[in-house]
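A short write-up of the structure that comes next.
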Amino acid sequence: MARRGERKVRVRAEVPPPRPALDHTGIRVVTSQHRGRVKRHSINPADYRCSVLAAQLADEWVKITRALGIGDGGVNYGGAVRKFAAFTDECVRARGLDPADVRLDRDEIDLVEVIYAWEEALRREFPQSKQPYTLVKALLAMIEQRAASGARVCENLKARTQAPTAFRAPRGKPLDEFTNAERIALRDAARGQVRATEARLHRGRDLLADGMDPRDGGWRSLPNLLWAARAGMINSKVLKRELPSEPKWWPPEIRGLLPAWRNDGKTRRPASGPWSGPWDRPCSPMRWTCTPFGSCSFWACPTRPRRNSTT
């Protein structure tokens with residue numbers, strides 16, 4: 001007990017410094033429209049023990065959804081925030097640490113290791129799905145966006161955003177309207193038509209090289225007729241004047257130019273007449289003969305072009 005006139009020295013307890021204003025309070029909301037109806041997507045950081053981390057990621061979810069104009073409300077990004085925040089709560093507590101200390105701008109708790117552990121857990125949860133790859137890519141994209149905006153992000157997290165995911169997206173089995181046997185049959189048929197067309201054009205070039213002006217060498221020679229066709233000298237009047245009236249009296253090599261020739265001297269399309277036939281067929285490809293070339297390139301391509309492409 002202090003004597004009279006003496007002052008007792010009192011030791012006061014230290015007052016902790018005031019806590020900085022929290023910027024992670026509040027529910028983050030994104031709206032989307034579908035068939036005229038407005039849908040509300042929200043993330044409440046207070047639902048998680050790592051509320052600061054959840055708020056930081058939720059802010060990036062709102063920004064990236066609005067910046068990219070994602071019509072579904074950024075379902076993948078929002079799902080990544082919810083799943084990763086819930087996983088972080090359990091993972092950090094299992095290591096004897098406080099989830100409230102987890103944040104992107106502090107490295108007391110290594111978030112890179114948590115991300116790798118999350119990837120492993122997603123892989124076990126969705127073994128044959130692209131969902132793990134999609135969610136991890138969304139999370140890394142949001143962290144990278146926060147770092148690019150100037151906000152403080154740990155250096156190891158920045159490096160992690162530049163690295164690929166631990167697991168690649170699984171490749172699904174491609175669906176095809178043709179079986180493998182049908183593709184091989186179509187390819188072989190196209191190759192056969194290509195070889196036949198190339199042989200016909202090669203023979204036509206040889207015949208054309210042997211031809212001459214039919215006014216000097218005669219009109220009943222196939223090389224001369226090809227020469228005249230390339231020179232633009234052939235028409236129905238000329239052929240009626242220079243060749244017999246019935247195709248069965250023509251030389252066999254000239255008769256072979258008629259489409260689908262039969263022994264009775266008639267064609268399968270008598271209305272077209274023998275005079276209007278394609279006399280330069282051995283020298284130039286027709287439209288239908290170009291189809292096998294495109295078919296061969298179509299079946300040979302590792303990644304096939306679309307059917308409406310001009311290949």
Side-chain angles (χ1 to χ4, degrees), residues 22-90 102-104 111 114-115 118-151 153 157 160-161 164-179 298 301 303-311:
L22 299 179
D23 59 351
H24 62 275
T25 57
I27 301 175
R28 276 60 171 180
V29 178
V30 172
T31 58
S32 64
Q33 291 187 359
H34 180 66
R35 296 181 179 179
R37 300 181 61 182
V38 178
K39 190 174 182 180
R40 186 174 180 269
H41 311 267
S42 63
I43 294 178
N44 186 3
D47 293 340
Y48 308 95
R49 298 184 183 93
C50 57
S51 58
V52 178
L53 174 66
Q56 291 174 334
L57 293 176
D59 289 338
E60 301 308 316
W61 162 61
V62 174
K63 293 177 183 177
I64 201 168
T65 302
R66 293 175 178 174
L68 299 180
I70 303 176
D72 61 356
V75 174
N76 290 332
Y77 295 97
V81 174
R82 297 183 187 94
K83 280 186 170 293
F84 183 67
F87 178 82
T88 302
D89 285 347
E90 302 300 328
V102 183
R103 52 196 306 164
L104 297 177
L111 263 181
V114 178
I115 293 175
W118 184 50
E119 290 187 73
E120 293 283 351
L122 289 175
R123 188 73 171 181
R124 292 190 296 269
E125 184 179 358
F126 307 101
Q128 301 296 331
S129 173
K130 293 183 179 180
Q131 192 71 0
Y133 176 83
T134 302
L135 292 175
V136 174
K137 288 291 289 184
L139 176 68
L140 297 180
M142 288 185 288
I143 299 175
E144 182 180 12
Q145 175 184 259
R146 186 174 182 85
S149 65
V153 176
L157 278 177
R160 180 66 188 90
T161 60
T165 58
F167 301 99
R168 295 182 179 180
R171 295 182 179 180
K173 184 178 180 180
L175 300 178
D176 204 332
E177 63 272 26
F178 298 102
T179 64
F298 177 81
C301 287
T303 302
R304 289 188 224 151
R306 296 181 179 178
R307 291 184 179 270
N308 58 355
S309 61
T310 57
T311 54

To the closest 0.5 Å, what do you measure between [atom1] ([X]) and [atom2] ([Y])?
X: Leu104; Y: Leu57; atom1: CG; atom2: CG; result: 5.0 Å
X: Trp118; Y: Arg123; atom1: CH2; atom2: CZ; result: 14.0 Å
X: Gln131; Y: Asn76; atom1: CD; atom2: CG; result: 6.5 Å

Heavy atoms only: give me the nearest [X]-[Y] pair and the separation to one decimal.
X: Val52; Y: Val102; result: CB-O, 4.2 Å
X: Ser42; Y: Ile27; result: CB-CG2, 3.8 Å
X: Leu139; Y: Ala80; result: N-CB, 4.2 Å
X: Val81; Y: Ala54; result: CG1-O, 4.1 Å
X: Arg49; Y: Asp89; result: N-OD2, 3.0 Å
X: Ala58; Y: Arg28; result: CB-CG, 3.8 Å

What I want to find out is whether [X] reaches [Y] closely enough, with some N-O distance under 4.0 Å, to be called a salt bridge.
X: Glu60; Y: Lys63; result: yes
X: Arg160; Y: Glu119; result: yes
X: Glu125; Y: Lys83; result: yes

| field | Close side-chain approach of Thr31 and Lys39, heavy atoms under 4.5 Å | value |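 Thr31 does not reach Lys39 side chain to side chain.
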Walk me through whether Trp61 and Tyr77 qualify under ring pair (Phe, Tyr, Trp, His ring centres under 6.0 Å). CA-CA 6 Å; Trp61 162 61; Tyr77 295 97; 9.4 Å; no
**Report entry** Any side-chain donor near an acceptor of the partner, Ser32 and His41, under 3.5 Å
**Finding:** yes
